[in-house]
Amino acid sequence: PAPTTPPPNPEALVKAGKIQEGVKLALDMKDTTVMLATLSHLNAQMVVRTCSPLTRLCVTQQLAADLSDRIPPEVRYRNQ
């Protein structure tokens with residue numbers, strides 16, 4: 001049997017210096033846990049320097065949407 005290559009890993013890409021590719025892959029996976037794990041290997045300057053404005057916007061939107069979904073309803077309604 002032919003050797004199988006492991007599935008792409010956003011954290012591995014980031015660690016290899018492929019920051020834009022790793023962050024975009026984490027976005028494509030649509031999993032906040034994966035995104036946070038990927039971002040934990042970076043600092044803000046690295047993201048600003050290497051990721052496109054569109055990628056940064058998408059990361060912000062994904063995190064904001066997911067975090068807003070996690071707010072308990074009683075808190076959400078109290079703040080409206």
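Because the structure is predicted, anything quoted here is derived from the model rather than measured.
Each of Val59 and Val34 belongs to its own hydrophobic cluster when Ile, Leu, Val, Met, Phe, Trp and Tyr are linked at side-chain heavy-atom distances under 4.5 angstrom. Put simply, Met35 and Val47 are part of the same group of oily side chains (I, L, V, M, F, W, Y) that touch within less than 4.5 Å, one to the next. Cluster annotation: Leu36 and Leu42 are assigned to the same hydrophobic cluster (Ile/Leu/Val/Met/Phe/Trp/Tyr, side-chain heavy-atom contacts under 4.5 Å, transitive).
The CG atom of Leu27 sits 8.5 Å away from the SG atom of Cys51 when rounded to the nearest 0.5 Å.
Considering every non-hydrogen atom in both Met46 and Asn43, the closest pair reads N-OD1, 2.9 Å.
In terms of the side chain to side chain contact (heavy atoms under 4.5 Å, CB included) criterion, Asp28 has no residue partners (sequence neighbours excluded).
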Got a list of side-chain donor-acceptor pairs under 3.5 Å for residues 10-25, not counting sequence neighbours?
residue, atom, partner, partner atom, Å
Glu11, OE1, His41, NE2, 2.7
Gln20, OE1, Ser52, N, 2.9
Gln20, NE2, Thr55, OG1, 2.9

